[in-house]
Amino acid sequence: MSKISVLVPVYDVEPWLCECLDSILSQSFNDIEVICVDDASHDASLQILRRYAEADSRVRILINNENLGLMMTRRRGYEAATGEYLLFCDSDDILPANALKVLYGAAMGSSASVVTGDLSLFSRKEIKGKRLRDKVGTGGESYLKAILSGTTCSLCGTLFHRSLFDSEDYETLIHCNHSEDRILLSQLLVRRNPSVHYVPFTTYLYRINESSLSRRRMSDAALCAQLSSIYLSYGYVNTHVNDAKLLRSNKRFFVRTLGYYMECGYDVELISGFNSDTARMTHFVELVRILGIRLGLHTYMCMKSEAYRAIAHSCRCVIRRFQGKD
């Protein structure tokens, strides 16, 4: 049994797959297995995987006969894993050379079930920004609080003890490619309340890939899929958490997310009318009650004024560029 199983979902990533696999296989910590799950790729991704598997016995290939989506493909990976710890890595991204060594060493030193570091964004070898996870605290509740306050909910670059996945039937959606990390992480943190340890080290390099699902402007269908995933996470927390403060944070995060998509210029009626909860929460009185007068009024203006939306979004983009977030 390997110390770490690295789980790599693969779908039409021919231009970046070799760089990803090279970064995993050249880690300074090498007691690993690399489980690559091809999700019915149309390009040469599967041929690349077979070439790597022939050259390195640590690489295992699983093949989906039909496209199942990222969430189900990851599930196939962690169900097949034999490692003591699991690490998710998307197939167009990169692991820094010492990432696994740092994470595993911290896991041994802390005995934590979840060990996480920072995530850096890069494009053409240049670092473009950083997502810190320094607010995750030491347990599932504090980690959940952090992601509801804006900490990245990405599964990648984090070690999870495999016991967190044993005998757990986490809800997994077929063809789910939007906010799938949030759905799984929310369930894991609430259901298992694991011990958590943070290392102040970049453990993951996320490629800014303009052709990826997460970077393209969404169609109405994709927006509905995104809203469905976020609402599922919101509903799961709302149903299974008893802490009143966390529940308020959960509702505030959900409504702020609705407002963000409105500000970005997506269909206001589609968002506010997505379901009965979104319709109720986007009434002016509810917006103020949930978000406070300043953010409530801002969100309401985004709903009512196209000019206000455009100005607010332009200002947000300038601020994010200044902060190194885009």
Side-chain angles (χ1 to χ4, degrees), residues 1-10 13-38 45 48-62 70 73-74 76-127 130-133 136 152 154-165 181 196-209:
M1 183 176 74
S2 302
K3 299 295 186 185
I4 300 175
S5 296
V6 182
L7 312 177
V8 186
V10 175
V13 285
E14 181 182 351
W16 311 284
L17 183 55
C18 290
E19 190 175 10
C20 173
L21 294 174
D22 288 343
S23 77
I24 298 169
L25 296 171
S26 63
Q27 286 287 300
S28 56
F29 183 94
N30 57 25
D31 189 358
I32 64 174
E33 65 173 356
V34 185
I35 300 179
C36 301
V37 187
D38 182 77
S45 294
I48 293 172
L49 293 179
R50 286 174 171 153
R51 190 169 74 241
Y52 273 80
E54 289 176 2
D56 195 318
S57 61
R58 295 176 296 172
V59 178
R60 295 170 54 195
I61 304 173
L62 302 177
L70 185 53
T73 299
R74 281 180 173 157
R76 281 206 70 193
Y78 67 69
E79 287 181 338
T82 64
E84 179 185 4
Y85 284 87
L86 312 181
L87 182 133
F88 296 93
C89 181
D90 287 346
S91 48
D92 55 350
D93 296 334
I94 294 175
L95 292 186
N98 293 319
L100 297 185
K101 181 178 180 179
V102 168
L103 288 168
Y104 188 77
M108 293 299 98
S110 66
S111 298
S113 297
V114 176
V115 181
T116 191
D118 297 325
L119 180 154
S120 290
L121 287 69
F122 79 99
S123 177
R124 299 182 180 88
K125 304 294 185 180
E126 181 182 351
I127 299 298
K130 201 166 188 177
R131 300 289 186 269
L132 300 178
R133 289 183 170 124
V136 297
T152 177
S154 173
L155 294 167
C156 298
T158 298
L159 275 191
F160 297 91
H161 196 276
R162 71 157 300 104
S163 62
L164 297 173
F165 294 86
D181 295 53
V196 176
H197 183 77
Y198 163 75
V199 292
F201 182 86
T202 295
T203 56
Y204 197 76
L205 294 173
Y206 174 87
R207 186 187 304 273
I208 301 174
N209 176 7

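A donor-acceptor contact shorter than 3.5 Å links the side chain of Ser23 to the backbone of Leu95. A donor-acceptor contact shorter than 3.5 Å is absent between the side chain of Gln27 and the backbone of Asp22. Side chain of Ser120 to backbone of Lys130: no donor-acceptor contact under 3.5 angstrom is found. Without hydrogens or angle criteria, Ser91 side chain to Leu17 main chain gives no donor-acceptor distance under 3.5 Å. Using a distance-only test at 3.5 Å, with no hydrogens or angles considered, a donor-acceptor pair links the side chain of Thr203 to the main chain of Gly157. Side chain of Arg207 to backbone of Asp92: a donor-acceptor contact under 3.5 angstrom is found.
At least one side-chain heavy atom of Leu49 sits less than 4.5 Å from a side-chain heavy atom of Leu21. Put simply, the side chain of Ile127 reaches to within 4.5 Å of the side chain of Leu205, judged on heavy atoms. Using a 4.5 Å cut-off on side-chain heavy atoms (C-beta onward), Val115 and Met108 make no contact. Between Tyr206 and Arg131, every side-chain heavy-atom pair lies at or beyond the 4.5 Å cut-off. Leu103 is not listed as a side-chain neighbour of Tyr85, based on a closest heavy-atom distance of 4.5 Å or more.
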Next item on the list: Determine, step by step, whether Phe201 and Asn98 satisfy the side chain to side chain contact (heavy atoms under 4.5 Å, CB included) criterion, reporting the C-alpha distance in whole Å, the side-chain angles of both residues, the deciding distance to 0.1 Å, and the verdict.
Entry: CA-CA 10 Å; Phe201 182 86; Asn98 293 319; 4.3 Å; yes

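Taking both residues in full, the closest heavy atoms of Ser5 and Gly83 are given as OG-N, 2.8 Å, listed atom of the first, atom of the second, then distance. Closest of all the heavy-atom pairs between Ser45 and Glu14 is OG-N, 3.4 Å. Nearest heavy-atom pair, Ser113 versus Leu164, reported as atom, atom and distance to 0.1 Å: O-CD1, 3.7 Å. Looking at every heavy atom in both residues, Thr73 comes nearest to Pro9 through CG2-CB, 3.7 Å. Closest heavy-atom contact between Cys36 and Val59: SG-CG1, 4.3 Å.
With sequence neighbours excluded, no residue forms a ring pair (Phe, Tyr, Trp, His ring centres under 6.0 Å) with Tyr204. Annotation: ring pair (Phe, Tyr, Trp, His ring centres under 6.0 Å) contacts of Tyr52 (sequence neighbours excluded): none. With sequence neighbours left out, Tyr198 forms a side chain to side chain donor-acceptor pair (under 3.5 Å) with Asp118.
Taking 4.0 Å as the cut-off between side-chain N and carboxylate O, Arg50 and Asp38 do not count as a salt-bridged pair.
Results of the salt bridge (charged side-chain N to carboxylate O under 4.0 Å, His left out) test with Glu33 over Arg58, Arg162, Arg60 single out Arg60 as the only residue that passes.
The aromatic rings of Phe88 and Tyr78 sit perpendicular to each other, their planes meeting at more than 60°, with 30° as the lower class boundary.
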